[in-house]
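Down below is the structure, laid out as structure tokens.
Remember, it's a predicted structure, so these values are computed and weren't measured experimentally.
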Amino acid sequence: MRERRAILSGSTFEEQIGYARAVVDGDRVHVSGTTGFDYAAMTISGDVVEQAEQCLRTITAVLAEAGCTLADVVRVRYLLPERDDFEPCWPVLRRAFGAVRPAATMMVCGLADPRMRIEIEVDARRPATGER
């Protein structure tokens, strides 16, 4: 039987809206759009680069709980309300994914809270035992 389990980050949004930060489905891990909120404190920086860094910290922790790392990411989506905010984030994103080279898409769209300046969503493949 395939494993299917939800991973929660403690975000109040997960409870209010009814979703999980990530879902492990067999060897796949689907991480929900993750914003720059520090979900433990429910605070957010006004700086887009700091928000990108926080998104990746949250994603890294969730992937670890699922048995993955950023090296296992196969797809990433970047959602930003302002196109001009994307380029300042590139160095942070390159550090996270430059060696991995996942398929990627950047979209300009509205986000749920006006304080949110970037949202990152990833899909990863869990390595088989002994695969690293």
Worksheet item: What distance do E53 atom CD and I118 atom CD1 have between them, rounded to the nearest 0.5 Å?
Response: 10.5 Å

Fill in: Residues R4 and D25 bridged, charged N to O under 4.0 Å
no

Discussion item. Using side-chain contact (heavy atoms from CB on, under 4.5 Å), reason through L56 and V92 one step at a time and then give a plain yes or no.
Written reply: CA-CA 9 Å; L56 292 170; V92 171; 3.5 Å; yes

Fill in: Partner residues of F97 under the ring pair (Phe, Tyr, Trp, His ring centres under 6.0 Å) criterion, sequence neighbours left out
none

Discussion item. Using only atom types and a distance under 3.5 Å, with no angle test, would you say the side chain of R21 pairs donor to acceptor with the backbone of S11?
Written reply: no

Response to the item:
Note: P127 and G67 closest approach over all heavy atoms is CD-O, 3.7 Å

Item to complete: Would you please name every residue forming a salt bridge (charged side-chain N to carboxylate O under 4.0 Å, His left out) with E119, sequence neighbours left out?
Response: none

Worksheet, complete the sentence: In terms of heavy-atom contacts, A6 and A20 come closest through CB-CB, 3.7 Å

Discussion item. Counting only heavy atoms not in Q16 (residues, nucleotides, ligands), do more than 12 fall under 6.0 Å from its CD?
Written reply: yes

Worksheet entry | Side-chain heavy atoms of Q54 within contact of R57, under 4.5 Å | yes

Worksheet item: Partners of D47 by salt bridge (charged side-chain N to carboxylate O under 4.0 Å, His left out), sequence neighbours excluded?
Response: none

Practice prompt. May I ask you to test the I120-I59 pair for a side-chain heavy-atom distance under 4.5 Å?
Written response: yes

Item to complete: Compare all side-chain heavy atoms of P102 with those of V73 and state whether any distance is below 4.5 angstrom.
Response: yes

Discussion item. Same cluster or not: V100 versus V29, using hydrophobic residues (I, L, V, M, F, W, Y) connected whenever any side-chain heavy atoms lie under 4.5 Å apart?
Written reply: no

Worksheet item: Are the side chains of T12 and E14 in touch, meaning some heavy atoms are under 4.5 Å apart?
Response: no

Fill in: Pair listing, side-chain hydrogen bond (donor to acceptor under 3.5 Å, both in side chains) test, anchored in residues 94-103, at least two apart
none

Practice prompt. Examine V74 and I7 and state if one hydrophobic cluster contains both, with Ile, Leu, Val, Met, Phe, Trp and Tyr joined whenever side-chain heavy atoms are less than 4.5 Å apart.
Written response: no

Item to complete: Take T69 and T60 through the side-chain contact (heavy atoms from CB on, under 4.5 Å) test and state the conclusion after the steps.
Response: CA-CA 6 Å; T69 70; T60 297; over 6 Å; no

Discussion item. Suppose the criterion is side-chain hydrogen bond (donor to acceptor under 3.5 Å, both in side chains): which pairs have a residue in residues 102-112, not counting sequence neighbours?
Written reply: R75-T105

Discussion item. For G26, is there any backbone N or O sitting under 3.5 Å from a side-chain donor or acceptor partner on R126?
Written reply: yes

Mind listing the side-chain donor-acceptor pairs of residues 84-91 below 3.5 Å, one per line with the distance, residues two or more places apart or on another chain?
from: D85; atom 1: OD1; to: R117; atom 2: NH2; distance (Å): 2.9
from: D85; atom 1: OD2; to: R117; atom 2: NE; distance (Å): 3.2
from: D85; atom 1: OD2; to: R117; atom 2: NH2; distance (Å): 3.1

Worksheet item: Can you list the residues that meet the salt bridge (charged side-chain N to carboxylate O under 4.0 Å, His left out) rule with R28, with sequence neighbours excluded?
Response: none

Item to complete: Could I get the full list of side chain to side chain donor-acceptor pair (under 3.5 Å) partners for E50, not counting sequence neighbours?
Response: S45

Discussion item. Test question: given the 4.5 Å side-chain rule for I, L, V, M, F, W and Y, name all other residues clustered with F37, or answer none.
Written reply: F13, I17, Y19, Y39, M42, I44, L79, M107, L111, M116

Item to complete: Name all residues meeting the side chain to side chain donor-acceptor pair (under 3.5 Å) criterion together with E121; count only those two or more places apart in sequence or in a different chain, and write none if there are none.
Response: R77

Worksheet item: Would you say the side chain of V31 lies within less than 4.5 Å of the side chain of V23, judging by non-hydrogen atoms?
Response: no

Fill in: salt bridge (charged side-chain N to carboxylate O under 4.0 Å, His left out) partners for D38, two or more places apart
none

Practice prompt. Share the residues that join L8 in a hydrophobic cluster, the rule being Ile, Leu, Val, Met, Phe, Trp or Tyr side chains under 4.5 Å apart at the heavy-atom level.
Written response: none

